[in-house]
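This is a predicted model, so every value here is computed, not measured. These values consider heavy atoms only, across backbone and side chains, with no hydrogens, waters or symmetry-generated copies.
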Amino acid sequence: MSIKSIAIPQDFILGAAASAWQTEGWSGKKEGQDSWIDLWYKNDRHVWHNGFGPAVATDFINRFREDVALMKQAGLTHYRTSINWSRFLTDYENATVDEEYAAWYDALFDEMHRQGIEPMICLEHYELPGVLLETYGGWASKHVVELFVRYAQKVFERYHAKVTRWFTFNEPIVVQTRVYLDALRWPYEQNTHTWMQWNHHKVLATAKVVKHFHEKGYHGTVGCILNPEVTYPRSQAPHDVRAAERYDLFYNRVFLDPFVHGRYPQELFTLLEQHQVQWEYTAEELAIIAENTVDELGINLYYPHRVKAPSRAWHPETPFHPAYYYEPFDLPGRRMNTSRGWEIYPRIIYDMAMRIKNEYRNIPWFVAESGMGVENESQFRNRDGVIEDNYRIDFISEHLYYTLLAREEGANCHGYMLWAFTDNVSPMNAFKNRYGLIEIDLENNRARRAKKSASWFRQLRDERRLTLTVDDEWK
């Protein structure tokens, strides 16, 4: 065993993240304001663990003052959440603001500033208005791109003096991958053409929002929160390396390259054409993307992705899927979070940091989500009623260490944010796996209780030094 210690710079973010739909609940939501995820929950409630979902969530909309006080108690410097597009407007075509909901955000931001916590806001965290999916096919439509820009304009106009760090999307690849590639989520359609069209239109929408923000001269930045999966080949054999490169191309570079370099990889065009994937784009759209790259990135990192070259033939009647080029590979002896089925490999943050430094012009970025979801946490409750989540403290310590090490070695990384501040609802898993510094007691009117990790995180923020004991074999 050995002890590692590293300083935390004074300007380094120590925050936490969540989203509107995973916390607020439906209190005050009006008819016609369902998001895609609300419709999924209404149409498919049985797939959500024990039936919990966005309807009540953590009831943040009614308890935000209590929760902001807990944020301060836990030592958060920043809190990232989203504005729910489907609720912010009552008329999506004309961008008519729901004044009741908008005023709630005014109150939230004022309370956060009063408690010394900086808000960081996403414009869309899976909250595509359901009517836009049903009417236009969602992000398959160029008209929806324009409606999103109108929505962003209204948000910036109202809150630009209260929020200076904006993000167009959280994990923009996820919804269409789960719906149109993997057919795992409602409305369950496998269509690679639609998948790529959604990808492109989210890139285009981001560029247009960046353009508008800077043309208006608002103070602040516009970025995007991505979830690139740090991908390792099974071996250094050319076929395995190529499998990892193709995985990286379809799931990571499809957003990283246009957002940071202003262009899609040429190989992406080539392979999509080779597989007859049809998506619409114009030279004018590519020019807008080229001229309006993001100001910063948030990077969500939980686990490594390991692949090997495929060993089976692809069925000719199956629509093209990037898995044509790879198969998952499970590393023997890997550390696991058995609750989630995810490998624990803290070095992913260092490896991603070095990649951004060397391949993506060392753009400003931060770890936007990192956390450990554990099932049945009540088994770790002590006699005082506090959950002793030492496993979470260890997880955060190891991942934060690699973040700080990368910064010391020149990575332009500005912070580390937890998923999540409180336990909250996740797609399908609902409250099954708990991630929070703060417990949500579902059997006691969603009462809040700080876990051991909350006081540890506050001490970390105050002392500005991370010290951890690690196994000598630790990587």
Problem set entry | Test: R178 cationic atom under 6.0 Å from Y126 six-membered ring centre, within 45° of axis | no

Exercise. Are R347 and Y232 in a cation-pi contact, defined as NZ or CZ under 6.0 Å from the six-membered ring centre and within 45° of the axis?
Worked result: no

To the nearest 0.5 Å, how far apart are [atom1] in [X] and [atom2] in [Y]?
X    : Y    : atom1 : atom2 : answer
T221 : R165 : OG1   : CZ    : 5.5 Å
S86  : W21  : OG    : CH2   : 12.0 Å
I356 : D351 : CD1   : CG    : 11.5 Å
W104 : R87  : CH2   : CZ    : 8.5 Å
R392 : M372 : CZ    : CE    : 7.5 Å
S426 : W48  : OG    : CH2   : 8.5 Å

Any donor-acceptor pair under 3.5 Å linking the side chain of [X] with the backbone of [Y]?
X    : Y    : value
D295 : G223 : no
N445 : A447 : no
W36  : W186 : yes
R449 : V386 : no
N382 : D384 : yes

Problem set entry | I173 and its side chain to side chain contact (heavy atoms under 4.5 Å, CB included) partner, picked from F250, W195, W198 | W195

Any idea which heavy atoms bring [X] and [Y] closest together, and the distance?
X    : Y    : answer
V425 : A57  : CG2-CA, 3.9 Å
V241 : S235 : CG2-O, 3.8 Å
T293 : V210 : O-CG1, 3.6 Å

Do [X] and [Y] have side-chain atoms, one donor and one acceptor, less than 3.5 Å apart?
X    : Y    : answer
D44  : Y188 : yes
Q33  : D98  : yes
S82  : E127 : yes
S35  : D38  : yes
S5   : R465 : yes
Y325 : E245 : no
D257 : Y360 : yes
N170 : N300 : yes

Please determine whether a side-chain nitrogen of the Lys or Arg among [X] and [Y] lies less than 4.0 Å from a carboxylate oxygen of the Asp or Glu.
X    : Y    : result
D248 : R355 : yes
E66  : R446 : no
D34  : K29  : yes
E99  : R158 : yes
K357 : E409 : no

For a 4.5 angstrom cut-off between non-hydrogen side-chain atoms, does [X] reach [Y]?
X    : Y    : value
R63  : T58  : no
K202 : F148 : no
P129 : F88  : no

Exercise. Would you say R383 has more than 12 foreign heavy atoms packed within less than 6.0 Å of its CZ?
Worked result: no

If you look only at distance, which donor and acceptor atoms sit under 3.5 Å apart when one is on a side chain in residues 10-20 and the other is two or more places apart or in another chain?
| residue | atom | partner | partner atom | Å |
| --- | --- | --- | --- | --- |
| D11 | OD1 | R407 | NH2 | 3.2 |
| S19 | OG | Q22 | N | 3.2 |
| S19 | OG | Q22 | OE1 | 2.7 |

Are [X] and [Y] close enough that their ring centers fall under 6.0 Å?
X    : Y    : answer
Y79  : F64  : no
F255 : F169 : no
Y391 : F395 : no

Exercise. What is the ring orientation for Y247 with H305, classed by angle as parallel under 30°, tilted 30 to 60°, or perpendicular over 60°?
Worked result: parallel

For this session: Please collect all salt bridge (charged side-chain N to carboxylate O under 4.0 Å, His left out) contacts where either partner lies in residues 417-431, sequence neighbours excluded, each pair once.
Result: D423-R434, D423-K451

